[in-house]
Amino acid sequence: MPERDPIDRLKRGVYFGLALAGTFSLVIGYVVLTHPTRENDLLLVYAALLVAVAFGVALGAPTRWIERFALAITALFFLAMTWLNLHSIGHGAGVWPPLLWGGIVYLLAYVLFPPKQAYAFAWRYYVVLLLGGLVALQLGRAHGPLRGEQINDTLQILLSNLGYLWVSRVLVAFGLRAEADRAQAKQMQKLVDTDALTGCLSRRRFLEETEALLESGRPGSLILFDLDNFKQINDTYGHPTGDRVLMRSVKRTLHNLREEDRLGRLGGEEFAVLLPGVGLEEALRLAERLRRALEAPSNEGPPATASFGVVETGRLRTTSELLARADRALYRAKHAGKNRVAAARG
């Protein structure tokens, strides 16, 4: 079974604890009743359903199923209890203690659904509760108009639910604000981590990935490559064409990489590929494939070649040393005539 994320584990723990606490409270509430009625049997029915929720959590049922089942049974329970209580008020009954927990329906909706959907559910739930409650109240007025205390009890039930509804509206507002903040933070992080033109990793993010690999002690290799005569392409065809050559080169490079490999733009026409778990010989073969891929003719701008320097992490522990060795290998490839691959020595 895949390991659950911390938030999911926390939610399941809360559901399990609330289910057991609710079951205990309901059973105690039923036991202490002097004259249980058929309406009070709902306490035992809901308690049994809460036990099912606890078993679902313990047996590893999907969290989404548990949440939806818990919301459904809780909403139905409190609707039924509210309607029955309002019907009984006409016969002299007061507010039933279980209705003090009615706000949990609104809270569960907020936990389960996105903010706007949660508020829509809360409104529909309240409308159903209100309309059904008014009908139940009217049916219960068989013995004449309601007296002051009965009117107060009725208002307490209906207005408390309206209060829960408005509290949920505040939660939704905070939820929408949090969603907007997360989206903005994600966008800002993407701008920092991604090269705006090519879509590969930015220099900063690539260096962080490289540093993490070195600190982990895992083997790996790095390929540093630079497009040959790129300034001449810009001068001859213009910078927009040069940009298309850069984007084409990145596209072809990514096509030859694994999912765990990382491609970053270090600056201008210089790029680097980080290859976790790859030795020097395999990295050299990949560099040769990339060299051939980049030099292939294209309808998207003029042809372009690249020179490559390849280094294995080995015992290197700093990013600067790794890049320096790769850069020296790249220089040798350039000095030997460009459009070739060279490995770092030593």
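- With a 4.5 Å cut-off on side-chain heavy atoms, F113 and L71 count as touching.
- Checking S202 against R205 by side-chain atom types alone, no donor-acceptor pair falls below 3.5 Å.
- Summarising the local packing, CZ of R258 is surrounded by more than 12 heavy atoms from other residues, nucleotides or ligands at distances under 6.0 Å.
- Listed by first and then second residue, the ring-ring contact (aromatic ring centres under 6.0 Å, His included) pairs that reach into residues 230-264 come to none, sequence neighbours excluded.
- Side-chain atoms of S307 and D228 form a donor-acceptor pair, as typed in the model, at a separation below 3.5 Å.
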- Task: Check the pair L284 / L280 against side chain to side chain contact (heavy atoms under 4.5 Å, CB included), numbers first and verdict last.
- Result: CA-CA 6 Å; L284 286 169; L280 182 61; 4.1 Å; yes
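- Using cut-offs of 30° and 60° for the angle between ring planes, the W123 and Y126 rings count as perpendicular.
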- Task: Determine, step by step, whether L322 and T313 satisfy the side chain to side chain contact (heavy atoms under 4.5 Å, CB included) criterion, reporting the C-alpha distance in whole Å, the side-chain angles of both residues, the deciding distance to 0.1 Å, and the verdict.
- Result: CA-CA 7 Å; L322 185 69; T313 57; 4.3 Å; yes
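- A distance of 13.0 Å separates CG in L330 from NE2 in H335, rounded to the nearest 0.5 Å.
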- Task: Tell me, with the steps shown, if R291 and E288 meet side chain to side chain contact (heavy atoms under 4.5 Å, CB included).
- Result: CA-CA 5 Å; R291 187 195 66 79; E288 181 60 29; 2.7 Å; yes
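- Among residue pairs with one or both ends in residues 270-289, those qualifying as ring-ring contact (aromatic ring centres under 6.0 Å, His included) are F225-F271; sequence neighbours excluded.
- How far CG of L130 is from CG of N161: 9.5 Å, rounded to the nearest 0.5 Å.
- Under the 6.0 Å cut-off for aromatic ring centres, Y106 and Y125 qualify, their centroids lying closer than that.
- By the 4.5 Å heavy-atom criterion applied to side chains, F69 and L49 are counted as neighbours.
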- Do L257 and L254 pass the side chain to side chain contact (heavy atoms under 4.5 Å, CB included) test, and can you show the C-alpha distance, the side-chain angles, and the key distance before you say yes or no? CA-CA 5 Å; L257 300 184; L254 290 172; 4.2 Å; yes
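- R340 is not listed as a side-chain neighbour of F308, based on a closest heavy-atom distance of 4.5 Å or more.
- With no hydrogens or angles considered, no side-chain donor-acceptor pair links N85 and T82 at under 3.5 Å.
- For the pair L197/R265, a side-chain contact is recorded, criterion being any heavy-atom separation below 4.5 Å from C-beta on.
- Using a 4.5 Å cut-off between side-chain heavy atoms of Ile, Leu, Val, Met, Phe, Trp and Tyr, V51 falls into a hydrophobic cluster with F55.
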